[in-house]
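One structure is given below, encoded as structure tokens.
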Amino acid sequence: MVSEACRSGLVSTGKVVGILFLLGALHKGSAVVRYEILEEREKGFAVGNVVTDLGLDLGSLSTRRLQVLPGASRRFFEVNRKTGEMFVNDRLDREELCGTLPSCTITLELVVETPLELFSAEVVVQDINDNNPTFPTREMKLEISEAVAPGTRFPLESAHDPDVGSNSLQTYELSLNEYFALRVQTREDSTKYAELVLERGLDWEREPSLQLVLTALDGGTPARSATLPIRITVLDANDNAPAFNQSLYRASVLEDAPPGTVVVQVHATDLDEGPNGEIIYSFGNHNRASVRDLFSLDPVTGMLTIKGLLDFEDTKLHEIYIQAKDKGATPEGAHCKVLVEVVDVNDNAPEITVTSVYSPVPEDAPLGTVIALLSVIDLDAGENGLVTCEVPPGLPFSLTSSLKNYFTLKTSVALDRETVPEYNLSITARDAGTPSLSALTVVRVQVSDINDNPPQSSQSSYDVYVEENNIPGVPILNLSVWDPDAPQNAHLSFFLLEQGTENGLVGRYFTINRDNGIVSSLVSLDYEDRREFEITVYVTDGGTPVLTTNISVNIFVTDRNDNAPQVLYPRPGRASVEMLPRSTAAGHVVTRVVGWDPDAGHNAWLCYSLLGASNQSLFAVGLHTGQVSTSRPVQDTDVPRQTLMVLIKDNGEPSLSTTATLTVSVTEESPEARAEFPSGSGPREQNKNLTFYLLLSLILVSVGFAVTVLGVIIFKVYKWKQSKHLYRAPVSSLYRTPVSSLHADAVRSGLMPPHLYHQVYLTTDSRHSDPLLKKAGAASPLTSHQNTLRSCDPVFYRQVLGAESSPPGQQAPPNTDWRFSQAQRPGTSGSQNGDETGTWPNNQFDTEMLQAMILASASEAADGSSTLGGGAGTMGLSARYGPQFTLQHVPDYRQNVYIPGSNATLTNAAGKRDGKAPAGGNGSKKKSGKKEKK
């Protein structure tokens with residue numbers, strides 16, 4: 001892997017080394033890439049193609065948002081997302097970045113997203129010879145006694161070169177002279193310093209001073225240099241020089257030691273007396289400038305103390321040079337070295353840097369989703385620099401360490417936005433020092449919503465009561481529906497659905513606001529038209545996929561007194577004249593006014609009162625029955641024609657009413673002999689027509705009855721003869737192989753042509769045998785029996801033939817009630833597909849029962865001609881409402897109907913005809929059903 005800088009020949013080594021590391025906690029492994037670059041490169045200089053070196057896809061680089069996360073505050077490098085080249089973004093000064101360290105490396109972190117990956121890169125900044133050596137002073141002055149013996153060494157000022165390696169300070173040179181030679185020494189840290197070595201004795205009288213030049217040279221190409229003038233003053237002799245008791249002192253001190261702490265005390269002695277024996281301690285000329293800022297030396301006692309604040313992270317070892325001189329005329333000096341080791345203390349808290357945060361996080365994110373990357377740095381060393389991170393317990397997140405000083409924040413439990421929509425994670429970094437120091441940072445993680453909750457309602461169904469005649473458009477129900485999801489997923493829409501088989505019911509009567517769920521009526525509801533509605537509210541949310549909820553709404557229409565009573569009798573628009581003999585006593589019932597109210601409950605309760613009459617004292621009206629009767633005997637003075645106006649009023653609030661007008665004719669004759677009609681026809685003509693119809697009805701009933709009785713007798717004799725013949729006939733001639741695909745239902749339903757009818761007949765002991773099927777066209781011994789039945793009522797004929805569906809060997813018990821139920825009647829008021837369970841008469845008792853039924857049917861047919869205005873039990877309403885409008889649809893008012901010319905009511909006539917007392921009109925309802933079928 002070769003960088004762009006290497007290919008251009010600007011890097012000396014020309015190599016870039018890539019080291020792969022496995023990041024077990026991240027999506028995939030990341031690599032550590034190393035580049036080398038010379039310092040002071042211009043801005044924009046290409047360091048290398050990190051995309052190619054890391055094996056990333058250049059096409060997806062812009063979408064994955066590659067970015068450089070520097071370890072310092074300055075961004076020295078950036079990456080071109082179009083080409084993948086990493087280039088210099090700021091000035092690189094190796095001396096400013098790394099000082100005198102032999103190796104200067106800048107560590108970078110490269111982060112790409114979707115998925116989140118972390119890579120490390122190291123850029124080694126190589127030194128160039130861009131700094132000259134410098135001396136700390138402009139001129140150095142030495143005072144040397146002429147008594148100093150040859151071979152004595154004199155330390156010189158040390159030059160400083162910020163460059164390192166071969167570009168650093170390499171050697172010193174001294175100008176030519178006859179007294180001194182130059183010796184270059186190397187310290188423990190590989191730095192150079194120079195010493196003057198006296199090779200020839202000095203003579204104050206000959207040469208009291210000397211002028212030398214010290215030149216410092218580095219190893220660059222070309223070499224850089226610096227010069228230091230040395231002025232040497234020759235002094236008179238001082239025989240003894242001070243001497244330290246040891247040339248090297250060692251000491252250790254804590255980095256948090258306060259100023260004034262004693263580090264070490266050096267000691268030197270001088271054998272001279274007087275001023276020449278008094279010693280003064282001072283810092284040597286080879287010390288760094290920072291030594292004088294951090295340490296203090298007592299010139300008299302030689303006590304070395306702390307002056308400033310030590311920092312282990314800045315300098316771990318201080319090398320201090322101390323010199324001792326006497327106070328002689330020609331001071332003699334001695335030198336020693338003190339090594340001060342700084343001991344680390346836990347004085348630096350960890351520093352947390354959040355490099356990348358994945359927020360908001362979908363609430364359906366899988367476990368282990370990476371939320372954030374955190375880098376933690378502790379400047380301390382050893383255990384003081386070991387850092388652990390933790391999140392508060394009970395949260396659905398965990399921290400794992402992927403690289404040294406790097407932690408990954410992941411999800412550990414499934415998230416639920418409806419429970420907790422946002423987390424403020426307090427992440428604590430704690431080192432292992434004593435006492436332990438910690439740092440806290442807050443990471444905000446938002447949870448984004450997905451559509452995982454359907455609309456919810458406080459109740460699954462609603463019962464709404466709406467009074468009829470309501471105002472259209474006024475709300476009748478406000479649904480309480482909500483969605484716990486986020487606003488975009490919780491936007492609700494409401495629709496109405498049909499229920500049952502009726503179509504268009506919702507759109508005709510009701511509507512719903514799609515946004516707020518308010519149900520309103522489109523039309524004014526009518527209790528008499530429809531009393532109950534069942535609709536379904538279909539609620540959808542705005543998420544993807546769409547979630548729905550169905551809510552059942554039952555709307556009940558309550559009644560209002562909005563219908564005035566209606567008059568059933570006398571019929572409105574027709575003149576009704578009632579006959580009243582003049583000899584009538586008090587309490588005589590003249591007629592009954594029948595009214596009904598379409599409303600329900602109390603609103604339909606009716607009361608009758610006499611609103612007006614020609615003679616107010618002659619008549620009285622029953623309050624609840626509507627019965628018009630005489631309140632006193634009819635007198636000769638009463639006018640022959642009385643007009644009554646009856647007020648019919650309901651019990652509603654407000655009360656509604658209507659009136660019925662009756663005309664009562666007071667006659668001298670009985671009502672049966674004379675009636676007064678509006679048409680003006682005479683009584684004789686009316687009686688003549690009535691007599692003719694009565695005679696015709698009597699003749700028809702008599703003939704029907706005679707034919708029925710004759711048919712029954714013939715059938716009974718024929719059956720008796722046929723049973724005797726069947727007992728005598730051989731078995732082989734009686735039975736045929738039954739055909740399972742043909743049965744007696746084909747005869748009843750008319751599904752087969754007449755020439756293929758299969759006649760069904762039974763033996764006298766048929767309840768213990770199976771039905772026999774005879775071939776088509778064969779004469780059946782029961783032909784006359786079937787012909788007789790076909791002449792009877794069709795319903796009764798089908799009921800008789802229904803015996804074939806009974807299982808063999810089982811005979812239904814005799815039916816005590818021969819009348820048919822409402823479901824068995826043909827037409828609109830009955831069911832054509834009712835269950836017919838009649839039985840076939842197969843013994844003496846069944847034959848007699850059949851005869852009685854036929855006679856009763858004929859008698860019913862004969863009585864039907866005397867009903868009022870239509871079939872029995874219909875009260876004359878069939879002609880107006882159709883045959884299906886029987887008494888089961890309206891209240892039973894037959895007890896209130898008075899037949900003109902007779903004291904009997906329909907109830908009394910029905911009771912007399914049936915031979916039993918009236919019982920609420922039930923018998924009349926059955927006869928009415930039979931008449932409608934005929």
Side-chain angles (χ1 to χ4, degrees), residues 39-40 93-104 125-144 152-177 179-199 209-233 247 282-295 297 314-315 317-323 325 333-340:
E39 68 173 331
E40 300 296 339
D93 187 358
R94 196 205 67 80
E95 290 75 23
E96 179 183 355
L97 294 174
C98 304
T100 60
L101 295 177
S103 177
C104 185
V125 181
Q126 295 181 343
D127 183 61
I128 63 174
N129 192 23
D130 58 340
N131 292 281
N132 293 325
T134 57
F135 287 94
T137 58
R138 293 176 177 267
E139 183 182 36
M140 184 176 179
K141 296 180 180 181
L142 292 177
E143 294 179 352
I144 303 175
T152 304
R153 298 174 179 268
F154 301 94
L156 299 178
E157 291 279 359
S158 295
H160 175 67
D161 192 342
D163 297 326
V164 296
S166 61
N167 295 325
S168 62
L169 181 66
Q170 297 296 322
T171 186
Y172 293 89
E173 293 181 358
L174 187 64
S175 60
L176 295 176
N177 64 91
Y179 297 100
F180 296 92
L182 186 65
R183 295 289 183 269
V184 179
Q185 304 292 335
T186 303
R187 300 189 184 95
E188 292 183 358
D189 58 355
S190 300
T191 58
K192 308 289 186 179
Y193 66 95
E195 292 180 342
L196 279 177
V197 180
L198 183 62
E199 293 184 343
S209 63
L210 297 174
Q211 189 72 31
L212 303 177
V213 176
L214 179 65
T215 304
L217 299 172
D218 62 18
T221 302
R224 292 175 177 267
S225 62
T227 58
L228 177 67
I230 302 175
R231 181 182 300 275
I232 300 175
T233 301
S247 61
S282 63
F283 287 110
N285 297 323
H286 303 305
N287 292 311
R288 297 180 180 275
S290 61
V291 170
R292 289 179 171 84
D293 297 332
L294 297 176
F295 298 94
L297 180 64
D314 183 22
T315 305
L317 181 67
H318 294 276
E319 189 173 343
I320 304 174
Y321 295 92
I322 299 177
Q323 65 181 0
K325 289 184 178 181
H335 301 82
C336 71
K337 182 168 63 175
V338 179
L339 296 178
V340 180

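Here the structure is a predicted model, which means the values were calculated and not measured.
- In this structure, the side chains of Lys337 and Ser247 stay at 4.5 Å or more apart for every pair of heavy atoms.
- With hydrogens and angles left out, the side-chain atoms of Arg187 and Ser158 include a donor and acceptor closer than 3.5 Å.
- No donor-acceptor contact under 3.5 angstrom links the side chains of Gln323 and Tyr321, judged on distance only.
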- Task: Check the pair Glu173 / Leu217 against side-chain contact (heavy atoms from CB on, under 4.5 Å), numbers first and verdict last.
- Result: CA-CA 8 Å; Glu173 293 181 358; Leu217 299 172; 3.1 Å; yes
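- Ring planes of His286 and Tyr193: tilted class, angle from 30 to 60°.
- Leu210 is not listed as a side-chain neighbour of Asn177, based on a closest heavy-atom distance of 4.5 Å or more.
- Taking OG from Ser282 and CD1 from Ile322, the interatomic distance works out to 9.0 Å, rounded to the nearest 0.5 Å.
- Shown here for Arg183 and Ala181, the closest heavy-atom pair between the two residues is NH1-CB, 3.7 Å.
- The two residues Gly219 and Gln170 come nearest to each other via the heavy atoms N-CG, 3.2 Å.
- Ring geometry, Tyr172 versus Phe135: the interplanar angle falls from 30° to 60°, so the pair is classed tilted.
- Judged by distance alone, with hydrogens and angles left aside, the side-chain atoms of Asn129 form no donor-acceptor pair with the main-chain N or O of Ala223 at under 3.5 Å.
- When all heavy atoms of Thr186 and Lys192 are compared, the pair lying nearest together is OG1-NZ, 3.0 Å.
- The side chain to side chain contact (heavy atoms under 4.5 Å, CB included) test with Leu156 singles out one residue from Asn285, Leu142, Leu228, and that residue is Leu142.
- Proximity of His160 to Leu169: side-chain heavy atoms (C-beta onward) are nowhere separated by under 4.5 Å.
- Just one residue in the list Leu212, Val197, Val184 forms a side chain to side chain contact (heavy atoms under 4.5 Å, CB included) with Leu174, and that residue is Leu212.
- Side-chain atoms of Gln211 never come within 3.5 Å of backbone atoms of Pro229 as a donor-acceptor pair (strictly under, hydrogens ignored).
- Side-chain contact check for Asn131 and Asp163: at least one donor-acceptor pair (N or O, by modelled atom type) lies under 3.5 Å.
- Closest heavy-atom contact between Glu319 and Asn287: O-OD1, 3.7 Å.
- Note that CZ of Phe154 is 10.5 Å distant from CD of Glu195, once rounded to the nearest 0.5 Å.
- Taking OG from Ser168 and CZ from Arg224, the interatomic distance works out to 14.0 Å, rounded to the nearest 0.5 Å.
- Using a 4.5 Å cut-off on side-chain heavy atoms (C-beta onward), Phe180 and Ile144 make contact.
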- Evaluate the criterion side-chain contact (heavy atoms from CB on, under 4.5 Å) for residue pair Asp161 and Asn167; output intermediate values, then yes/no. CA-CA 8 Å; Asp161 192 342; Asn167 295 325; 5.9 Å; no
- Item | side-chain contact (heavy atoms from CB on, under 4.5 Å) between Leu214 and Met140, intermediate numbers included | CA-CA 10 Å; Leu214 179 65; Met140 184 176 179; over 6 Å; no
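- The two residues Ser225 and Thr215 come nearest to each other via the heavy atoms CB-CG2, 4.1 Å.
- Remark: Arg292 CZ is packed, more than 12 non-hydrogen atoms of other residues, nucleotides or ligands lying under 6.0 Å away.
- With no hydrogens or angles considered, no side-chain donor-acceptor pair links Thr137 and Glu139 at under 3.5 Å.
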- Item | Evaluation steps, side-chain contact (heavy atoms from CB on, under 4.5 Å), between Glu143 and Lys325 | CA-CA 11 Å; Glu143 294 179 352; Lys325 289 184 178 181; over 6 Å; no
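- Note that CD of Glu95 and CD of Glu40 are 7.5 Å apart. Values are rounded to the nearest 0.5 Å.
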